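Data block below; observations after.
The figures that follow rest on heavy atoms only: side chains count, while hydrogens, waters and symmetry mates do not. Atoms within each ligand, like the ligands themselves, are counted from 1 in listed order. In this text the structure is predicted, and so the values were computed from the model without any measurement.
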Amino acid sequence: MPRLHVNVDHVATLRQARREPFPDPVLWALAAEKAGAEGITCHLRMDRRHIQDADVLALKRRIRTRLNFELSLDPEIVAFALRLAPDAVCIVPENRQEVTTEGGLDVLGSHARVFDAVTRLARKGCEVSLFIDPDEEQVEASAEVGAQFIELHTGRYAQSRGVSRTRELRRLERAAELAHTIGLRVNAGHGLDYENVGPIAALPHVEELNIGFSIVARSVFTGVEESVSTMARLVRGRNRVSARRAR
Ligand code: PXP
């Protein structure tokens with residue numbers, strides 16, 4: 001049964017739309033923790049389109065669970081992460097034009113840079129994860145560069161339907177099995193919502209799910225307490241049917 005980590009980036013997206021001090025992603029994170037989030041995730045993008053440096057520092061200071069900091073290999077952001085020394089980091093690819101993180105990190109193609117960042121962040125005591133597509137070569141490369149964890153990108157699974165979804169689920173399952181066999185620990189996330197999370201929560205070896213957009217979006221209607229606690233129940237394998245109706 002995986003743990004639910006809630007990504008608060010899109011609370012900041014709403015705030016940045018008007019450059020107001022509200023809604024505050026830190027207060028929202030504290031409410032999410034009360035509702036059952038077992039960790040808080042945020043992504044400090046190079047373009048600062050949502051989360052700002054001060055948000056990350058305040059999250060580190062104020063949350064009671066664990067902070068998972070998502071970052072690109074940009075040297076300025078890596079230096080920020082080294083100073084922050086959060087509980088966990090997840091290295092993601094980043095491209096200025098994308099709406100969200102579109103694909104997994106090419107660990108194979110940027111072996112030396114990833115190795116360097118993983119080594120420095122691990123020395124700071126952070127758990128280091130690499131956000132990758134469920135490809136065998138990327139899983140193997142992740143072990144070679146010394147990562148402790150991989151986070152499997154579930155975006156293609158979330159976007160597909162019918163047989164393609166079943167195929168994507170099998171790819172994720174095979175990648176999780178391979179990772180486990182070669183000593184990597186496994187997380188997953190991206191595009192997960194109240195309707196599609198069940199099969200991902202049931203995958204073997206998955207320890208943590210990182211979910212943001214669907215939870216923040218639902219909270220606009222139902223509040224943080226309901227949106228987080230309903231997702232937490234789904235991740236734990238309960239209430240599957242009622243949540244599908246409520247989406
Ligand atoms: N995991 C990683 C590594 C991500 O980059 C994101 C998006 O910021 C997520 C999980 C969460 O994705 P979503 O907001 O679609 O739930």
Is the closest N or O pair between Gly212 and ligand 1 shorter than 3.5 Å? yes

Just distances here: any N/O of Glu151 and N/O of ligand 1 closer than 3.5 Å? yes

If you measure from SG on Cys42 to CG on Leu67, what distance do you get to the nearest 0.5 Å? 5.0 Å

Check: His43 main-chain N/O paired with Asp9 side-chain donor or acceptor under 3.5 Å: yes

Under 3.5 Å, N or O to N or O, is Phe213 touching ligand 1 that way? yes

Contact region, Asn210 to ligand 1, non-hydrogen atoms below 4.0 Å, reads both

Measure from NZ or CZ of Arg218 to the centre of the six-membered ring of Tyr194 and say whether it is under 6.0 Å with the direction within 45° of the ring axis. yes

Counting each atom of ligand 1 from 1 as listed, which ones have a heavy atom of Asn7 under 4.0 Å away? 8 (O)

Walk me through it: do Arg66 and Glu127 pass the test salt bridge (charged side-chain N to carboxylate O under 4.0 Å, His left out)? CA-CA 11 Å; Arg66 288 162 51 80; Glu127 285 178 356; 2.7 Å; yes

As a check for students: among Glu208, His50, His190, identify the option with a heavy atom nearest to atom 9 (C) of ligand 1. His190

What are the two closest non-hydrogen atoms of Pro2 and Val235, and how far apart are they? O-CG1, 3.3 Å

Min side-chain heavy-atom separation Ser219-Trp28 under 4.5 Å: yes

Contact atoms of ligand 1, heavy-atom distance to Ile211 under 4.0 Å: 16 (O)

With heavy atoms of Val92 as the reference, note each atom of ligand 1 found under 4.0 Å away. 3 (C)

So is Gly191 close enough to ligand 1, meaning a heavy atom under 4.0 angstrom away? yes

If you measure every N or O of Glu70 against every N or O of ligand 1, does any of those distances drop under 3.5 Å? yes

Sequence neighbours left out, what passes side-chain hydrogen bond (donor to acceptor under 3.5 Å, both in side chains) with Glu168? Give chain and number order. Arg171

